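Before any comments, here is the structure.
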Amino acid sequence: MKIWGMSMPTAMAVGIYMGVNVLFLLKYGGRVGTGCALALCVGYVVVLHVVYHKWVERICRLPRWVVTGCVAALVGLLAVQLAINPYQVQVDRWSAIHNFLSYLLQGQYPYAAQTHLGGYGSPFPVWQLFHLPFYAVGNVGLSLFVCLVAYLHSLYKWQGRRVMASAGLLLVLSPALWYEGAVRSDLMANFLLVAALIQYLIYYKVILDRHLVAIAVGCGLLLSTRLSVAVPLFIYFFGSYRQLKWSKKLCFPLLVMVVFGLTFLPFLLWSDQLLSFEYNPFVLQTRQGHIMDALLLMVTLIVAGGIVKHADRRYFITTGLVLVGAVALVFGHNMLLRDDFTTIFSSLYDITYFDMSLPFIITAMSLPGTMTSTPTNRG
């Protein structure tokens, strides 16, 4: 089935990419005026249509020029980030990390650190410690640029210059990315890193049956960034996990949880506040959801993991769709409970959670139309 000349999966990927980015234009353009927001959205859709359907193939035949342009755009994004005083931004993801590390290095209990807006940090220990080098140079927001480079390099290794150039172009054309960079948010950086690592696994043919311990350790460490990274990891490994011997089936999740738990052990030994505190990171990462949402997501993950047979376009589209669907489910459930479906752009709902899907959707949009699928590199 074709939609606007695209296959159904490709059309779904384009729809998600466009939809997430249009949300940002509607929300922040709307602060200038409704007419401005609508004009921005129409202009953006037209430009994206022309670039993606008419020019992207021609442009990416000159990958050096595209890479040069993307580098220039990212330098511009860095300039925007450095020009904005982060303490005047009403987004505290950056200070949740900065203040955590500040407390840690001063010998104070880090999860007691408040953000510059008076909240508390939700990232898990590994993600906090990942930012130590960026904290050392005074800007934890730089992690986004490092994760962008890793993501694009992994695509280059796996698929070559043209795919990397196409992904770079789609990143530059994403208002969501510009927003994340401007406010020093770490959310998209987290998922760019996860997508990059999965793309490296595909390229280097790291498979679960042969590299179970290394993969389990890696999954445990990645889960200690944000719980939501379980979505791409589960979908990616579920098919090969089902093929393992029973001894390995038991060993793998146990080892993942042991590694995950060990990352919290120093903080548990330091103080019982980690679990007893009203705003501990587990509470902050799960408080917007409901038990029925979690159960439905679990069923969806099992179905999605069963559908994905190869490490190809389908995996990346499925992962992006599940991530977007999970956020939409939680938002919709909360709107239903509040009996108010008009507050999507209020402070009650953080639309940046939709950004989690973009690295996977951009990969799907950048892959060749007739990608040669080898049997899954997952094992």
Side-chain angles (χ1 to χ4, degrees), residues 77-78 80-151 177 179-194 196-197 217-229 259-287 350 352-353 355-356:
L77 176 57
L78 177 60
V80 170
Q81 182 183 95
L82 296 177
I84 295 174
N85 182 348
Y87 288 96
Q88 294 180 348
V89 172
Q90 295 300 303
V91 178
D92 61 359
R93 283 205 174 102
W94 73 269
S95 58
I97 295 173
H98 180 93
N99 293 355
F100 176 101
L101 295 174
S102 179
Y103 266 48
L104 179 67
L105 296 175
Q106 293 174 29
Q108 302 178 63
Y109 189 63
Y111 275 112
Q114 289 185 280
T115 71
H116 75 292
L117 298 179
Y120 292 89
S122 64
F124 288 160
V126 166
W127 191 239
Q128 299 277 22
L129 297 176
F130 174 80
H131 284 80
L132 266 173
F134 311 111
Y135 174 84
V137 298
N139 182 3
V140 294
L142 295 176
S143 65
L144 174 63
F145 298 91
V146 171
C147 293
L148 277 168
V149 170
Y151 171 77
L177 175 67
Y179 174 86
E180 291 262 338
V183 302
R184 306 190 184 196
S185 172
D186 66 298
L187 184 60
M188 191 186 292
N190 203 164
F191 283 82
L192 283 164
L193 181 62
V194 173
L197 291 173
V217 171
C219 288
L221 293 175
L222 284 173
L223 283 176
S224 190
T225 59
R226 277 184 172 83
L227 280 177
S228 44
V229 305
V259 173
F260 176 73
L262 286 175
T263 65
F264 287 92
L265 186 59
F267 302 95
L268 289 169
L269 295 176
W270 190 337
S271 170
D272 63 357
Q273 187 175 350
L274 180 64
L275 296 179
S276 62
F277 186 40
E278 181 182 0
Y279 299 106
N280 73 61
F282 294 97
V283 171
L284 292 176
Q285 290 199 31
T286 59
R287 64 180 175 176
D350 185 354
T352 61
Y353 284 116
D355 296 349
M356 298 186 296

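What you see is a predicted model, and the numbers here were worked out from it, not measured in a lab. In what follows, every heavy atom counts, from backbone to side chain, and hydrogens, waters and symmetry copies are set aside.
Distance CG/L104 to CG/N99: 12.5 Å, rounded to 0.5 Å. With values rounded to the nearest 0.5 angstrom, F264 atom CZ is found 8.5 Å from F267 atom CZ.
Nearest heavy atom pair, residue S95 against residue T115, reads OG-CB, 3.2 Å. Taking every heavy atom of both residues into account, M356 and S228 meet most closely at SD-OG, 3.6 Å. Nearest heavy atoms, L142 versus F134: CB-CD2, 3.8 Å. Nearest heavy atoms, T263 versus S224: OG1-OG, 2.9 Å. Pairing each heavy atom of L77 with each of L144, the nearest pair is CD2-CD2, 4.5 Å. Residues Y111 and P123 approach most closely at OH-O, 2.9 Å, considering heavy atoms.
Partners of L82 by side-chain contact (heavy atoms from CB on, under 4.5 Å), not counting sequence neighbours, listed by chain and number: L78, N139, R184. Every residue two or more places apart in sequence or in another chain was checked for a salt bridge (charged side-chain N to carboxylate O under 4.0 Å, His left out) with D355, and none qualifies.
One N or O on the side chain of Q285 and one on the backbone of S122 form a donor-acceptor pair closer than 3.5 Å. With T286 contributing its side chain and F282 its backbone, the two residues share a donor-acceptor pair below 3.5 Å.
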request  = For side-chain contact (heavy atoms from CB on, under 4.5 Å), just list the numbers for D350 and V91, CA-CA rounded to whole Å, side-chain angles, deciding distance to a tenth of an Å, and then say yes or no.
outcome  = CA-CA 10 Å; D350 185 354; V91 178; over 6 Å; no
ask   = Stepwise, does the side-chain contact (heavy atoms from CB on, under 4.5 Å) test hold for F100 with Y120?
value = CA-CA 9 Å; F100 176 101; Y120 292 89; over 6 Å; no
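Looking at W270, Y103, F277 one by one, the single match for side chain to side chain contact (heavy atoms under 4.5 Å, CB included) with Y109 turns out to be W270.
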